[in-house]
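Here is the structure we will look at, set down as structure tokens.
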There are 2 protein chains.
Amino acid sequence: MTDLTSPGAATAPTKRGRGEKSSATIYDIAKLAGVNPSTVSRALSKPGRVSAKTQKIIEDAAEQLNYQVNPFARALPTGRTQTIGLIVADITNPTFFDIIRGAETTGSARDYTLVLAESAESPETEVTAARRLLSTVDGLILASPRMDDDHIRALSADKPVVVINREIEGVPCVVPDVNKGISEAVRSLAANGHQKLAYVAGPAQSWMTGRRWEGVKAAAEWSKLSAARLESSKPTVDGGRQVAREVLESGATAVITYNDLLAIGLMQELQAGGMRVPDQISIVGFDDIFGADFTTPALTTVRSPLGECGTRAVTILLDVLQGHDAPEEAVSVETELVVRGSSGRLLT
Amino acid sequence: MTDLTSPGAATAPTKRGRGEKSSATIYDIAKLAGVNPSTVSRALSKPGRVSAKTQKIIEDAAEQLNYQVNPFARALPTGRTQTIGLIVADITNPTFFDIIRGAETTGSARDYTLVLAESAESPETEVTAARRLLSTVDGLILASPRMDDDHIRALSADKPVVVINREIEGVPCVVPDVNKGISEAVRSLAANGHQKLAYVAGPAQSWMTGRRWEGVKAAAEWSKLSAARLESSKPTVDGGRQVAREVLESGATAVITYNDLLAIGLMQELQAGGMRVPDQISIVGFDDIFGADFTTPALTTVRSPLGECGTRAVTILLDVLQGHDAPEEAVSVETELVVRGSSGRLLT
DNA sequence: CCATCCTTGTCAACCGGTTGCCAAAAATTG
DNA sequence: CAATTTTTGGCAACCGGTTGACAAGGATGG
């Protein structure tokens, strides 16, 4: 365990005259070990470039001085910062929590630090934030970016960029393959006697909302169900409540929503209006966010492995940084239906 | 809007021979403006040190070259990075989501970038992460830290540190004042005819769990209720389910839990066992996390303004960085009872 | 035993800013 | 108009590493 209490009082680095504790530099080590600073640099970062003997001496000295590289001094000539940036559209949206966590954990395991920024759903803010981050990180991950393809390609030309939840020609992407999960959902609904399906769409600028609708449409066709597309005002609990009336009017007995928040809001509003879920209407959400199982009944949902998306994105990014090639095709991660209580047999 | 497409082809900075786009330096600007690099540096960072005329010339040149400072080059001599670190105990714990968001938003507004790390509830990991971050950020925020006071003080001696959700002598802290919220909760329960109260505690190493218990005990005494303390295995939904039996056996008709997750798990388990909430038992959570209103009935809870904690912590940190003094006392933010459906009159 | 090659450490330049010190230029004052 | 003070810009050192070029030292081979 790192010992924080001993500032190495014996052979203090002593740089600033005052009592300030400043960390040791490679020059301090060099002096202590009796070699040239550049040798220290090599010993510490170029394995094999220095004889085992000197290596040992230098490492001991470094240890004794409690040396830590100054990341900025290193970054200046090399450009490498051991840092990756992550930009999410909305920090409050739980969809991103898992992505953040996956990215942080994976990065951390490979000694990279995560730098986080939010675009607040604004394409302009996103571009600005991306530009700002790009200069200080080794690579960038964009989760559900709102800016247009060209901007992303421009960033990508500068430094490695990986995109989550969207496919962009020429940029490595990690995208949940919605088809599997959706067909499971639709098949399950069909098996339970449903015939009229509704899809509640998300925001127009989200690439995913269209993708999911296509999946639903195709699966419904295959299972010989009818499918109607309804629009929501915003992809939140509130938005879900607001679309409830439309859902009822559509006559659908099963609803798949763009995301879980919509599903939860919709369910709350329908239940408040006296509808029984799932007896009278089945509701299936999307993503399996935190809290999806807090509802009564618990929400059936198509799980997107968001955490894995974060993990994969970081992995790809770090691989690219190490000189590997990025996957040509978008990397797809599997989705699956999680059956809970909000969907089931129709009991009219 | 930032124009990403024009790399300034006309007067390209031209540094690396190859087609690589490297951004312009102050030397490029100096040449273009016909002044010394140091003058450029001053014009760009020391307002007033340079005559208005030269200032203008330099700014124009910078604009034309699409100049951006190199943060590392600046950080090297100054130590300033325009960056703050945030360490949370558990990224998956929704309690921290709001803190993260508050911190990111506030920092961003004052042109600071947020660097995020997780300790995975381990004191050792936390110390390591803190050490690693500390060297690259201007200041550090520790949310519900798990390491001991001395380690925190050691960090604090190095660079400004602000702690959230814990009080430590000599370190600026932001702590929700639980008393107001708790007394509201207990008074409300007493008014609803409850007499036996139980408190479900959280993890022992959490400073907050004790604090909350004391609040509950004091408020119960004041309102002439009995209060029993029960232990949970872990502060999660699962932990809540596991403690349900004990709660029943305690004979309490009202429960206050260390956090919302426990409350939600507890409620699910009790309901699964046939108990009616709130008719037979009232449940009050803590924090008002995302999803607390997804349950049926929606959870009554003592809201901790976590987002505000993040905001306040960043504000204090940046103030300190600007030379202001840190508040002597721990800054306390108000908690309040949010009455929803899970608490109410006892109907036996 | 000397020529040759490989290993290993040193020198010095460089990354891109910041800043103390000084002198030239401008402004103020008598 | 000269003397003095205040601005303003330039010089050069420095932050703490990295790295190409090179030479000294050691091992190997003929």
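Every chain is numbered from 1 and lettered A, B, ... according to where its sequence line falls, protein lines coming before strand lines. Excluded from the calculations below are hydrogen atoms, water molecules and symmetry mates; all remaining heavy atoms, backbone and side chain alike, are included.
Rounding to the nearest 0.5 Å gives a distance of 8.0 Å between CD1 of B/I26 and OG of B/S38. To the nearest 0.5 Å, atom CZ of residue B/R146 and atom CD of residue B/Q205 are 5.5 Å apart.
A salt bridge does not link B/D319 with B/R312: every distance from a Lys NZ or Arg NE/NH1/NH2 to an Asp or Glu carboxylate oxygen is 4.0 Å or more. The pair B/D148-B/R153 fails the salt-bridge criterion, with no side-chain N (NZ, NE, NH1 or NH2) lying under 4.0 Å from an Asp/Glu carboxylate O.
Listed by residue number, the members of residues 46-55 of chain B with any heavy atom below 4.0 angstrom from DNA chain C are B/K46.
Comparing B/Y27 and B/R42 against DNA chain C, the residue whose closest nucleotide sits nearer the 5' end is B/Y27.
Between D/dT18 and A/T78, no contact under 4.0 Å exists linking OP1 or OP2 to a side-chain N or O. In this model, the phosphate group of D/dC11 is approached by a side-chain N or O of B/N36 to a distance below 4.0 Å at OP1 or OP2. For D/dT18, one of the phosphate oxygens OP1 or OP2 lies less than 4.0 angstrom from a side-chain nitrogen or oxygen of A/S41.
At least one side-chain heavy atom of B/L32 sits under 4.5 Å from a side-chain heavy atom of B/L65. Looking at heavy atoms from C-beta onward, B/V115 lies out of side-chain contact with B/L86 at the 4.5 angstrom threshold. Taking the side chain as every heavy atom from C-beta outward, B/L155 and B/R131 approach each other to under 4.5 Å.
Put simply, the side chain of A/K159 gets close to the backbone of A/L134: a donor and an acceptor are under 3.5 Å apart.
Closest to the side chain of A/S45, from the set D/dT18, C/dT18, D/dG10, is D/dT18. Listed nucleotides: C/dG16, D/dG10, D/dG17. Nearest to the side chain of A/I26: D/dG17. The listed nucleotides are D/dG17, D/dG16, C/dG17; the one nearest the side chain of A/Y67 is D/dG17.
In this structure, CD of B/Q82 is placed 14 Å from C1' of C/dG17, rounded to the nearest angstrom. Between A/R74 atom CZ and C/dG17 atom C1' the separation is 20 Å, expressed in whole Å.
A donor-acceptor contact under 3.5 Å is formed by the side chain of B/S38 with the base of D/dC11.
Axis orientation changes by 30° from one end of the helix from C/dC1-D/dG30 to C/dG30-D/dC1 to the other, with each end axis drawn from 5 pairs and the value rounded to 10°.
A/T128 and A/T125 form no side-chain donor-acceptor contact under 3.5 Å, judged by distance and modelled atom types alone.
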